[in-house]
Q: 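Before I ask anything, here is the structure I am working with.
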Amino acid sequence: MVHRMWARDMGKRKMKRFVWDIETWGLDCRNFAFACVINIDTDEEMFFDNTSDLRGYFENEAPCAVYAHNSHGFDTFSIIGKEEAYNASKIAMGTNIYELTINKVRYRDTKHLFPMRLAQLGEALGFPKGETPEDYITGNRREVTPEDIEYCYQDCRILVRAINNMESLVAGWIGKDVSQVAIPLTTASMAYRVWSETAWPEHWGWHPKKDPLKWVKGVSCHPKYNLSSKEAYAGGRVQVLGIPGAEYFDIISYDANSMFPSVQVNGKFPDMKHCTTLGPSPEVMYSIMESDDRVMWANVRLSASKDTQRFLPSRNEKGRLDWTQSEFSGWLAQPELEYALKVGGWELEELRQLHCARAINPFREHVNKFYNLRLEAKRNNDPNEIFYKLLLNSGYGKYAQRGATNRIENWKEMQKVFENENWEEKYHLKFYDSKNLAMPYLLDLESANRTPDSQWFGFASFITSGARVELQKAIAAAGEYAYYTDTDSVYMNVEAQKDFEKVIPLGNDLGEWKQEQEKPLAKGIFYEPKAYTLFGNDGLRSIVKHKGVQVKDRFGEWLPNAGDLTKPQTSTTTVKLYSALRRNLEPGVGLTTTKISKRWGVKQW
């Protein structure tokens, strides 16, 4: 048994492609007003005043791919009902649907390709979105005007330009004609495919005996090396460093410039083709740390004294990351392990297992190339700068992509499975609506053991470990004045500024840090990871971050309770398909919910 990693190419364009957008009376996809469609390859524009003709047009053009922004949160369900979507063929991960296919029409959601609001994408491309006509927001039905239609077409044109620009750039990067390039479903997939085509290690492959002129890009190792690297993998460090909920004053913050790409340029990474297991000797481990051509990761137990800073990715009794523990037990990648022992003041209590690999860096030229292209685009006010940024910051996640358990949701396909009397050995029957035992689906248990082509936790664990080391250096430089951190940023009191800037490299180059505010903000309250509020000298909210919660209204104004976790937080969004299946709701319909913080809101409310 082996773990394999395969290169992925960009594929070829095989079907007609369209962009579409709908306007509705209010936030309800069922209250259809009209739709606009643009053929991506011919620029032909089409208007539809009913859903039957719209869907009929797509199906007459099938096989085809149709793109809309937030399609699977809204637009798609104006022409496809819940039951039909439930039975449709899907490419999905968790609750995210990337592609939904019905009658050979592939409905795709561009928010996974361009992960930002459409207005932000338009602004980045120098192609402003325009203001949504008020009556479509409030649901005030009236005659559709030419101005309304032009507004909708403009939304479509933003996506057409974004898709065409990205394809042209990708074609140039990989040396193919643009007609021979088909962009994938996500930004991360695009980044991985570009890397595969342009920077795949030369020694990762072979010539098949039956076709000796062909070069197959692939590599393998014993599964234990991937699994142990997976154990060493943790994401970005997000932590309230001060007292949660306390008021802090005179706040400044620093951000690292392209943190993960900078680690990819400067780091050493394990060669998947040349991994080995060594005896767990501390002397051998330290010798590898001094080596230029080898790297290691180890299963260890470390301890920190009372005065030692805690920063390792320990887990608490609930299995959640806890950066405050004084003991670490488990697998660690070399960047953090070396920093903890040589600089951080941690003590090695036990070395249980030691894996080693030849050191390579398959990212340096690749990242430098695209970072320089991004800088050039920025200097020239080239709107394509956004695509270089997306490419640089999205690639590393593919190496840590988790395997997905296939779901069978189509009733006819489930019936075929049930015909086998031993079906329960390979499948697990579940229900989206468990209360009413409705909307059944099958989990393919065998698929859970398959790993994605791009998975090599050796890369992922070393990249994120190296990034957390750089973050810890910045936190240590801020000392007692550091109040909050999130992946590549640190918030601190202005008193820390001089000491911080003495030891942390400042500037606009890759990996350097820059101050985000020209002047200190008057006050900050850091409630919990991904939830904090900063106030200006006028006492008004300047920055509000609260993951998963709406903080502004449609006019761009703060909601009354935004940024105050002691009060209920109200958000309005649309119902996604899997939420609709679980909660017996309709997808694509507006839903207002109120959340109360378990920690901060329970006593008061």
Q: Side chains of R402 and Q455 only: does a donor on one sit below 3.5 Å from an acceptor on the other?
A: no
Q: One pair to check against salt bridge (Lys or Arg N to Asp or Glu O under 4.0 Å): D444 and R407. What are the steps and the verdict?
A: CA-CA 6 Å; D444 180 352; R407 287 177 286 198; over 6 Å; no
Q: For R4, does the CZ atom have more than 12 heavy-atom neighbours from other residues, nucleotides or ligands under 6.0 Å away?
A: no
Q: Any side-chain heavy atom of W331 within less than 4.5 Å of one from S228?
A: yes
Q: Check I251 against G524 and note the closest heavy-atom contact, atom names and distance.
A: CG1-N, 3.8 Å
Q: Is the number of heavy atoms from other residues, nucleotides or ligands under 6.0 Å of K389 NZ greater than 12?
A: no
Q: Are M10 and E197 packed together at the side-chain level, in the sense that at least one heavy-atom pair is separated by less than 4.5 angstrom?
A: yes
Q: Let me see the working for W195 and F363 under ring pair (Phe, Tyr, Trp, His ring centres under 6.0 Å), right down to the final yes or no.
A: CA-CA 8 Å; W195 178 80; F363 306 115; 5.8 Å; yes
Q: With sequence neighbours excluded, what pairs up with Y371 under the ring pair (Phe, Tyr, Trp, His ring centres under 6.0 Å) test?
A: none
Q: Which residue in the set E327, E347, E349, Q325 passes side chain to side chain donor-acceptor pair (under 3.5 Å) when paired with S303?
A: E349
Q: Is the number of heavy atoms from other residues, nucleotides or ligands within 6.0 Å of CG (N316) greater than 12?
A: yes
Q: Answer whether the closest heavy-atom distance between the side chains of E512 and L506 falls below 4.5 Å.
A: no
Q: Do the rings of F526 and Y248 sit parallel, tilted or perpendicular, given the 30° and 60° boundaries?
A: tilted
Q: Answer yes or no: is there a side-chain heavy-atom contact under 4.5 Å between T187 and H112?
A: no
Q: Evaluate N226 against M272 for side-chain contact (heavy atoms from CB on, under 4.5 Å), listing each step before the verdict.
A: CA-CA 9 Å; N226 189 55; M272 186 172 168; over 6 Å; no
Q: Using a cut-off of 6.0 Å, state whether more than 12 heavy atoms not belonging to Q517 lie near its atom CD.
A: yes
Q: Hey, does P280 have a side-chain heavy atom less than 4.5 Å from the side chain of Q353?
A: no
Q: Does any donor atom in the side chain of S329 or R352 lie under 3.5 Å from an acceptor atom in the other side chain?
A: yes
Q: Does the ring of F462 carry R468 above it, NZ/CZ under 6.0 angstrom from centre and within 45° of its axis?
A: no
Q: Carefully, step by step, assess K598 and E528 under the rule salt bridge (Lys or Arg N to Asp or Glu O under 4.0 Å).
A: CA-CA 11 Å; K598 291 181 179 179; E528 55 194 41; over 6 Å; no
Q: Can you give the donor-acceptor pairs under 3.5 Å from side chains of residues 543-550 to other protein atoms, not counting sequence neighbours?
A:
from, atom 1, to, atom 2, distance (Å)
Q550, OE1, T572, N, 2.7
Q550, NE2, K552, O, 3.0

Q: Is the shortest heavy-atom distance from the side chain of Y481 to the side chain of Q497 under 4.5 Å?
A: no
Q: State whether a side-chain donor-acceptor pair under 3.5 Å links Y233 with S465.
A: no
Q: Between R379 and L375, does a side-chain contact (heavy atoms from CB on, under 4.5 Å) hold up when you go through it step by step?
A: CA-CA 6 Å; R379 285 193 297 269; L375 290 181; 3.9 Å; yes
Q: For atom NZ of K224, decide whether the heavy atoms of other residues, nucleotides or ligands shown that lie under 6.0 angstrom number more than 12.
A: yes
Q: Does some side-chain heavy atom of D453 sit less than 4.5 Å from a side-chain heavy atom of R8?
A: yes
Q: How about R294 and H274: does a side-chain donor come under 3.5 Å of a side-chain acceptor?
A: no
Q: Determine, using ring centers only, whether Y254 and F500 are less than 6.0 Å apart.
A: yes
Q: Mind jotting down which residue pairs meet the side chain to side chain donor-acceptor pair (under 3.5 Å) criterion with at least one end in residues 487-496? Sequence neighbours excluded, please.
A: Y491-Y532
Q: Classify the side-chain pair D293/S291 by whether it contains a donor and acceptor separated by less than 3.5 Å.
A: yes
Q: Please confirm whether the backbone N or O of Q309 pairs with a side-chain atom of W346, one donor and one acceptor, at under 3.5 Å?
A: yes
Q: Is the shortest side-chain heavy-atom distance between L337 and M289 below 4.5 Å?
A: yes
Q: Dump the intermediate steps for salt bridge (Lys or Arg N to Asp or Glu O under 4.0 Å) on K473 and E470, then the final yes or no.
A: CA-CA 5 Å; K473 292 176 183 177; E470 297 306 311; 3.1 Å; yes
Q: Tell me, yes or no, whether the heavy-atom count around K430 atom NZ, taken from other residues, nucleotides or ligands under 6.0 Å, exceeds 12.
A: no
Q: Could you give me the CA-CA distance, side-chain angles and deciding distance for M116 and I386, then say whether side-chain contact (heavy atoms from CB on, under 4.5 Å) is met?
A: CA-CA 11 Å; M116 63 192 76; I386 184 65; 3.7 Å; yes
